[in-house]
Each structure stands twice: as structure tokens, then as C-alpha cells.
Student: 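Here it is, the structure, as C-alpha cells.
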Protein chains: 2
Amino acid sequence: MARRQLPSLNALRAFEAFGRHGRMTLAADELCVTHGAVSRQIRQLEEQLGVALTEGPRSRLRMTEAGLKLAQALSPAFDQIEAAVPQPVPVGPRPLVVSCLPTFAMKWLIPRLPSFQAAYPDIPVRVAESNGPFDFKADGVDLAIRMRSPDTVVTYEAEVWPFMEHYHGPIMSPEVAVAQPMSLERICTMPRLLTRTFLEGWSDWARNFELDHLPPPASEQVFDHYFYMIEAAAAGLGVAIGPWAFVQRDLASGRLVAPLGFTHGRARIVAVTPPDGATKEALLFRDWLLEQGASTPLPPEASCDSRGGR
Amino acid sequence: MARRQLPSLNALRAFEAFGRHGRMTLAADELCVTHGAVSRQIRQLEEQLGVALTEGPRSRLRMTEAGLKLAQALSPAFDQIEAAVPQPVPVGPRPLVVSCLPTFAMKWLIPRLPSFQAAYPDIPVRVAESNGPFDFKADGVDLAIRMRSPDTVVTYEAEVWPFMEHYHGPIMSPEVAVAQPMSLERICTMPRLLTRTFLEGWSDWARNFELDHLPPPASEQVFDHYFYMIEAAAAGLGVAIGPWAFVQRDLASGRLVAPLGFTHGRARIVAVTPPDGATKEALLFRDWLLEQGASTPLPPEASCDSRGGR
DNA sequence: GGGCCATGTGAAGAAACCTCACAGAAGGCC
DNA sequence: GGCCTTCTGTGAGGTTTCTTCACATGGCCC
């Protein structure tokens, strides 16, 4: 009586997962159900709330603004619940703990993990998603994956292994892009989408065009995570500087377009191991990362970029 | 795959409600189910987590420390979810919005609301739970209920109507109390439980015993809400200064005891209405509050307290 | 001991949820 | 255009989960 009746929590969770992944199929994988189940849950939620949460053709569904707002508000709440629930006692050998940006985990690492597990079936891996700083000892982290630009002030002792170059470029929904031909000037004045995780994205990207001072955009919106920035771009809210590694699939499926292609960013994706020696497993994982990084395809236009290369 | 499998969200919600109310029956009322359903959910949760969340005889169940920790972590997460879900468009007349401390709502106001609704069936009431400051206009609040001690610095323009005196005293679980006869001195040195909502509780209470300087306690623990402080006392974690109005039922059922009785506190429970004139409905509600306040029984020992009376 | 109150529980029924299989819609490619 | 791929929508039916009802149990108070 005290609290208003909430819609089904399972439906909210399904929508939150959809919000992060941008695709029902991936959300369904995460939740270990079929895509049909997610589809039903989301539709039921939309009916109960009387608000459209998704829009667009099935093959490139995107969130509405209301949906983006809801998903963004739900994510931290579910994170909190997850953190609150005591972990069951782990069985078997201590897993290799890899700390990683949430979006990098979702969009790059986790899809490739089966390859590592096939090669080393005896090394269980636990991915700990985290944006912020970490402590190898206190958090039990064996290896961390971070983005590091040359400007990053290093405040910790650690060994750093770059394993992938960072290509990025302006991304937006096809509907936004077809309105008129995209030029550098026009993109710079459109509503700009940022992520708290990498606020320097725009200025970093602008260097490649010798634009030291970006013209002011029509508006700016900051998201807590890369994935919500990407979904906002898909929803047509503006232009974001998206890393190639994160948007590859969305470009292939046509949910997003990148009319100016991708250029080589100053940041790199690095693996970080503790200064006092990494475990044997962490080194194997690092080697696997180097290998996977090398075999991740380059963006098609990257060769036009004189600064690129690896 | 990315995220660990959580226990049933409904089970977590049932436990969270139990945590706030301290009784399965009340949690069941809030969730509009039978007590049996809540009982099963909590048992299932305990089995899945492999942790005891409740303990003690059925007639005065209490949370374990693990349970208290879990419930406290879950509450803000569910609050966040509730806040995130867009409200369905309200039907009918605009309800009278009453802003109120969460614990006061749960333990005093909501159980009495049916009486108001019986008297004024045409005035729908919405209880907005909030600890902090509020804005009559921005939050659409018609009337607020707060605790106000004489020291409170008034920073807002408003009309204030005290409607209930505040009696409080040290409360603890019967197990803690029977260990030895309770004296003022002993109570002051036991582990002390506080609530962020009313940190001055202990010093306020101590004035009645001319104890200007409380001896330091064995330890101190601060809870975000009165109800978790009360549940911690029931769990045997220490002694809290509990308001009579909030613990009346727990004393009657034997979940808590108050060996030193209750004394008249300096704070009062007040209704606050906007400075520019309250609505007709808000005034009716204020009158009803005055009436309910007067008919709330006094603590049995209050008459021994020379400062009491109203 | 009898009454009261709150929780535990067995069995049955209701509701929610999921899967399977197929359909539809859009885009890419030849 | 025709075919293929990818992704979501949906009807039917099955499975799991959740609830209820009614009664049992246990502790407390008088």
C-alpha cells in the first residue's frame, strides 16, 4: 500500500539489458533466454507504462528518448542490487579476475572470451566491470584493461601493455545522416553526445583534422557509459565519437553510420598488470589479448589516415 | 553471460519489504500478497544464497546481520527503480500530496490513513516519502510532516502545526536486555545505534537525565532510516533511542523492550503548510492529523516524566 | 490452559514466463 | 529482381514460479 505497484521486475531487467546491448538477441543471450522472451517482456512493459520504449524497423531497432531515459536510470539500480547480493562461495580454482570498462566488456571482450576458454579450459575468467580506478590487491584484480591516452597522468605503479590501437569517428543514426551530405563542418555543429568515461573523445578526434578549437555544438549531452552514448546516437539524438571496436556490429547492421570514417586516436587500449609480477595466468591472458587485438579488423577507411598504422 | 545470475528479483523485493517492516505480515500487505507468499520467497532466497537472513522464534522474527546488510543495500536500489519508472497518468482529481519521513509513513501514517479516507472519501491522498528538504511548489507538496526540535534552524517560510509530542527512549532486543538489569549507566556504554534522520536523538534524550555529556559508547553505527535502526536493535546489535510512535507495536509483540521507558523529547512532530495559504484539503488533513495525534496513546511511563504533557 | 499473534507448510490452482517454430520486414549481394 | 542473412513479432503450448487456502506450530500473556 505504501508503494506504488511497479511493473514486473523481470520486464524491467529485460529492458535494461536491451538498453545496454541495443539488440534483443544480445540481451536474451545475457539473460539466458530466447529473444522471444525479451520481446514479450518489453512489449508488455510498453503496454503497462503506456509509453513507446522502442521504435524503428525490426532489423535496426532503437530506443526512444523515453526508453533511453528509463534504461539509464535502471542500470545503476540493478548494478546496486547485484553488488548487494552476497556472492555464493566460489568453487574450483580461483578465477583470473579481469577488470574492464563495461562497454569494452560487452562489445569486445565477452564475445571473444570463448576463444580464450577454448585455448585454456583450465583457467576460469571472471570479468569485473568497472570504470574507475582499481586496486590490484584490494579488489583481487589480476589484470586490468583500460583506455590510455598519452596525456594520462600515471599515478600507479604497473606494467602496461598496449594491445590494440584506438580508431574512432563520428557516428549517428542513418536517419540523421541522410538529411544532407555530411561534412566536417556540419558534424561539428550538430548536437554532441559524450561519455563520462572518455570526455576527451571529441577533442582527441579533432586533432586529426588539425581542428585545435572545435566550434561549439548545438548542444551537449553526457552519458555515464559508452553504450548509452552509442544508443543515443542510434536513437538519433546527435553525433558521438564512437570507437571502431564498439560500433563495428552496429555499422554492419545499419543501425549506425559513420560518414567520415574512422581515424587513429591518440589513446590506446592497454592491459595493465601489477608491478610486482603478474600471475602466469595473467600473462597468458595478456598474450591472448595481444593476439586478439592484432586480429581485430581495422576500420575500412583507416588506411587513409596518415597517422595510423601499427 | 556478462552478468552473474541473480536470485529472483521478486524474492529480493519481498525480503526488502520485510526488512523495512520487520514483519512478514506487513510486508505481505504492502506487496498485496499473503504472508505465506512472502514466507516462501524469503526461505527460497535464504536457500539460494546459503545464508540465514532471519532468525529467532516465529512470533518475533528478526533479521540476522547478513540480512540487515542485504536489506539496507537493496532499499535504495528499489527506490531508484521506482523513481525511474514513469508514473502512469493520474486519473481523477489531483490528490493531496503529503511529504513524510519514510518510517513515519510506514509505522504511523499509513496504518491510520483509512480513517482519513473514510471521513473524506473524495480526497485522494498520495504519500511522498522523503527525508530531506522539499519544495512545496516544485515537488507539488501540499503538506509535509517533519520532526522539529527547538534547535532546528528554520530556513523556509511556512506555517507549522505541531500535532504530536515526541516520546522516546532506549530500545533493544529482549535477549540483550535480560543479560543483566538495565541501568542508565550501562545503557550509555552499550553499542549505540543511530539514524541519519535524527542524529541528535541520543543527546536529546540524555537531557532528560541531566546528562550533559554522554559517556562514550562501546561503538556507534549509523543507519539511513529509522526502520533499519529499529531492526538493528531487534537483531540485538545494540541500543537505539526509538520514538514511541514507531516502536509501539514491536514493544507489544515483545520484539523490543524499553527497560527505561520513554521520556518527553524536545522535538515535536509537525505538519507544515505553504506560507501562501494551504489548500482546503490540506487544512482538513492538518485537522485530522491534530485529532489523530491527540488520540495516539502515551507511553505508559510517560507520566513519570515531569516535563511531559500536552 | 486457553487465547492471541505471527510464521511455517502441504496441496492445488493461477499466473507469469519461456520455448519452439514460423512469419515478416529490412538490407546486402550478385 | 531474387536470394540470403539478420533481427524481431507472434501463436500455441508447455513449464516454472508464485499464490492462495487452510491448517499446523511455536511463543507469549493472562
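Just so we're on the same page: letters track the sequence lines, and every chain starts at 1. Please read these numbers as outputs of a predicted model, since none were measured by experiment.
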Student: Could you tell me the separation between the CZ atom of Phe15(A) and the C1' atom of dT8(D), rounded to a whole number of Å?
Tutor: 15 Å

Student: Please determine, by modelled atom types, if Ser75(B) and Tyr228(B) share a side-chain donor-acceptor pair under 3.5 angstrom.
Tutor: yes

Student: Could you work out how much the helix from dG1(C)-dC30(D) to dC30(C)-dG1(D) bends, comparing the axis of its first five pairs with that of its last five, to 10°?
Tutor: 30°

Student: Report the distance from atom CZ of Phe18(A) to atom C1' of dC7(D), rounded to the nearest whole Å.
Tutor: 11 Å

Student: Can you list everything that forms a side-chain hydrogen bond (donor to acceptor under 3.5 Å, both in side chains) with Arg60(A)? Sequence neighbours excluded, please.
Tutor: none

Student: So, do His35(A) and dC7(D) meet the stacking rule of ring centres under 5.5 Å and planes under 30°?
Tutor: no

Student: Would you jot down, in residue-number order, the residues of residues 38-56 of chain B having a non-hydrogen atom under 4.0 Å from DNA chain C?
Tutor: Ser39(B), Arg40(B), Arg43(B)

Student: Below 30° counts as parallel, above 60° as perpendicular, anything between as tilted: where do the rings of Phe227(A) and His225(A) land?
Tutor: parallel

Student: Is the side chain of Thr64(A) donor-acceptor paired with the backbone N or O of Ala52(A) at a distance under 3.5 Å, no angle test?
Tutor: yes

Student: Quick check: on DNA chain C, is the nucleotide nearest Pro57(B) upstream (toward 5') of the one nearest Ala37(A), or the reverse? Name the residue that is more 5'.
Tutor: Pro57(B)

Student: Under a 4.0 Å heavy-atom cut-off, which of residues 59-73 of chain A touch DNA chain C?
Tutor: Ser59(A), Arg60(A)

Student: Between Thr25(A) and dC7(D), does any side-chain N or O lie under 4.0 Å from OP1 or OP2?
Tutor: no

Student: Could you tell me whether the side chains of Thr296(B) and Trp244(B) share a donor-acceptor contact shorter than 3.5 Å?
Tutor: no

Student: For His168(B) together with Phe262(B), are the ring centres under 6.0 Å from each other?
Tutor: no

Student: Please tell me which of Ser253(A) and Gly36(A) maps to the more 5' nucleotide of DNA chain D, matching each residue to the nucleotide holding its nearest heavy atom.
Tutor: Ser253(A)

Student: Would you say Ser8(B) reaches dC18(D)'s phosphate, i.e. side-chain N/O to OP1/OP2 under 4.0 Å?
Tutor: yes

Student: Applying a 4.0 Å non-hydrogen cut-off, can you work out what Arg249(B) is touching in the nucleic acid: base, sugar-phosphate, or nothing?
Tutor: sugar-phosphate

Student: Tell me if a side-chain donor or acceptor on Ser295(B) pairs with a main-chain N or O of Gln292(B) at a distance below 3.5 Å.
Tutor: yes

Student: Taking 4.0 Å as the cut-off, does a side-chain nitrogen or oxygen of Arg23(A) come that near to OP1 or OP2 on dC7(D)?
Tutor: yes

Student: What is the distance, rounded to the nearest whole Å, between atom CZ of Arg58(A) and atom P of dT10(D)?
Tutor: 7 Å

Student: Mind checking which nucleotides bracket the chain B contacts on DNA chain C, 5' to 3', with an atom under 4.0 Å from a heavy atom?
Tutor: dA6(C) to dA11(C)

Student: Show me the donor-acceptor pairs, under 3.5 Å and distance only, between side chains in residues 33-44 of chain B and residues at least two apart or in other chains.
Tutor:
none

